[in-house]
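Small disclaimer: the values here were computed from a predicted structure and weren't measured.
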Amino acid sequence: APSNVTQSEILASRLEKLAQTMESAAPAGQTAIVLADESLLMPVLRTLPPELKPYNVTMGYPIIHTLAYTLIELFLELQRGFDAQMRTVNRNTLLQFLSHPYVQQVPESAAYYDRYVGSVESELKVEALASWPWSDYCFPKEHRDATLLKRLLALLVAAADLIDRPVAAEEAEPAQTMDSENIFTSYEKLAALDESLHEASIEPTPGLLLQLLPQAFRDAKADFLGQPLHGTQIMGFLESRVLDFDRVFILSCSEAFLPRNAWKPSFIPWTLQRAFGLPTPLEREAMYAYYFHTLTMRAQEVDLVYAENSSMGPSGEPSRYLLQQLYP
């Protein structure tokens, strides 16, 4: 693939051909999509063909890479550009907020974006946005009791209501389900942060929250519920251990992600780690090699996709595991 994201397009075309050749839906537990680069989860979900439903996500996805986190950041940037006394807002931050996919679903958002995108004014009067449904969340009146985090939490609830429109469970799109989970997990993290700041008697500003967000969401992941015994499985590489599938699709089979060498700095020299039997990068590479071979050796059909990105240097080359299949 010419880039990371286009791997999802290749996967979608392969799955469409698979669906055409199959007389019925994929039997339980026979097809797996393994993502060595877990950040590809959202692009993959948005391009999956509906013929192979249901899709079960058995991996956590970092919230910091989701649209829910981007919505929080843009909201705080909008508040930083909002002058409560003059009742004006920075035009650029408003346009960025209005262009967010979640905000675009709010009535009149697209109309306001089209109206202000050609404006030459740097500051806009918020009274012109009085009829906008999210105006109360973004531009509160003076002496309003709701704090900044309370308004942000209410905005996340409103965004979840737009996404969770009345749709039968079997008709819900995988990406739609993930968006709901991402918003729910973000709400929990922000609610915990709000409680901690309240106990410390700290009234946060938009700038302070923008500094705290990366720390608060550092390890936050959205967990998804599914039936692992039925349908097509979507999982991270480490989630595939001791599992067998008839058809396997592995994405990001490049040296940058397979094996994934998460080396952590240590005061203990590598030679001492090796001498005293402590974990080293060699053990981690051996673990990845074992999982790769056990996953592929019993599969009837395996598709290995990698992004040929020359800007990444040696890391953009095919994985050593893929080359071993070509040159045994």
Side-chain angles (χ1 to χ4, degrees), residues 1 4-5 7-63 65-66 169-182 185 221-254 257-260 287-307 319 321-322 325:
N4 286 335
V5 178
Q7 294 181 93
S8 60
E9 300 291 341
I10 295 177
L11 172 66
S13 63
R14 295 289 295 171
L15 289 174
E16 289 176 356
K17 293 181 180 179
L18 175 63
Q20 294 174 0
T21 57
M22 295 172 61
E23 298 180 356
S24 59
Q30 284 197 357
T31 304
I33 301 171
V34 181
L35 306 179
D37 179 12
E38 297 184 357
S39 64
L40 286 178
L41 181 58
M42 292 307 295
V44 166
L45 286 179
R46 298 185 188 281
T47 56
L48 289 174
E51 293 82 359
L52 293 178
K53 283 185 177 181
Y55 295 100
N56 298 306
V57 181
T58 56
M59 58 179 282
Y61 187 70
I63 295 296
H65 295 151
T66 64
E170 61 275 6
E171 298 178 359
E173 295 294 331
Q176 179 182 359
T177 303
M178 285 199 61
D179 286 336
S180 301
E181 294 290 344
N182 294 335
T185 305
K221 290 188 177 182
D223 298 323
F224 308 100
L225 300 178
Q227 174 51 261
L229 301 179
H230 180 65
T232 304
Q233 309 300 316
I234 303 175
M235 59 184 63
F237 191 80
L238 297 182
E239 281 80 17
S240 65
R241 53 186 176 269
V242 304
L243 298 177
D244 293 334
F245 300 94
D246 291 343
R247 300 176 186 85
V248 177
F249 300 87
I250 305 180
L251 272 60
S252 299
C253 290
S254 61
F257 301 103
L258 199 63
R260 194 69 175 264
M287 177 185 66
Y288 269 81
Y290 175 76
Y291 290 161
F292 179 84
H293 291 298
T294 54
L295 178 64
T296 58
M297 69 169 54
R298 285 186 287 270
Q300 299 177 6
E301 183 178 352
V302 179
D303 286 67
L304 306 176
V305 186
Y306 74 98
S319 170
Y321 306 144
L322 189 150
Q325 304 298 317

Side chain to side chain, [X] and [Y], heavy atoms closer than 4.5 Å:
X	Y	answer
Y321	P259	yes
I33	T232	yes
L11	L251	yes
R247	Q300	no
D246	T31	no
N182	I63	yes
Q325	H293	yes
V57	L41	yes

Would you compute the distance between atom [atom1] of [X] and atom [atom2] of [Y] and round it to the nearest 0.5 angstrom?
X	Y	atom1	atom2	answer
L322	I250	CG	CD1	9.0 Å
Q233	L243	CD	CG	8.5 Å
F249	R14	CZ	CZ	6.5 Å
L35	E239	CG	CD	9.5 Å
L295	S240	CG	OG	4.5 Å
T47	Q7	OG1	CD	11.0 Å

### Task
Can you see which heavy atom on R260 is nearest to which on A36, and at what distance?
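Minimum heavy-atom separation between R260 and A36: NH1-O, 3.7 Å.
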
#### Entry: Over all atoms of both residues, closest heavy-atom pair of S13 and I10
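Where S13 meets I10 most closely, the heavy atoms are OG-O, 2.7 Å.
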
### Query
Would Y61 and T185 count as a side-chain contact (heavy atoms from CB on, under 4.5 Å) if you check the C-alpha gap in whole Å, the side-chain angles of each, and the deciding distance to 0.1 Å?
CA-CA 11 Å; Y61 187 70; T185 305; over 6 Å; no

### Query
Y306 pairs by side chain to side chain contact (heavy atoms under 4.5 Å, CB included) with which of S252, S319, S254?
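In the set S252, S319, S254, the residue that makes a side chain to side chain contact (heavy atoms under 4.5 Å, CB included) with Y306 is S254.
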
### Among L48, V34, N56, T58, the one residue meeting side chain to side chain contact (heavy atoms under 4.5 Å, CB included) with I234
L48

### Message
Please determine whether a side-chain nitrogen of the Lys or Arg among E181 and K221 lies less than 4.0 Å from a carboxylate oxygen of the Asp or Glu.
### Response
no

### Query
With a 4.0 Å cut-off, would you call D303 and K17 a salt bridge?
no

### Message
Can you tell me how the ring of F237 sits relative to the ring of Y288, calling it parallel under 30°, perpendicular over 60° and tilted otherwise?
### Response
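Ring orientation, 0 to 90° scale: parallel.
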
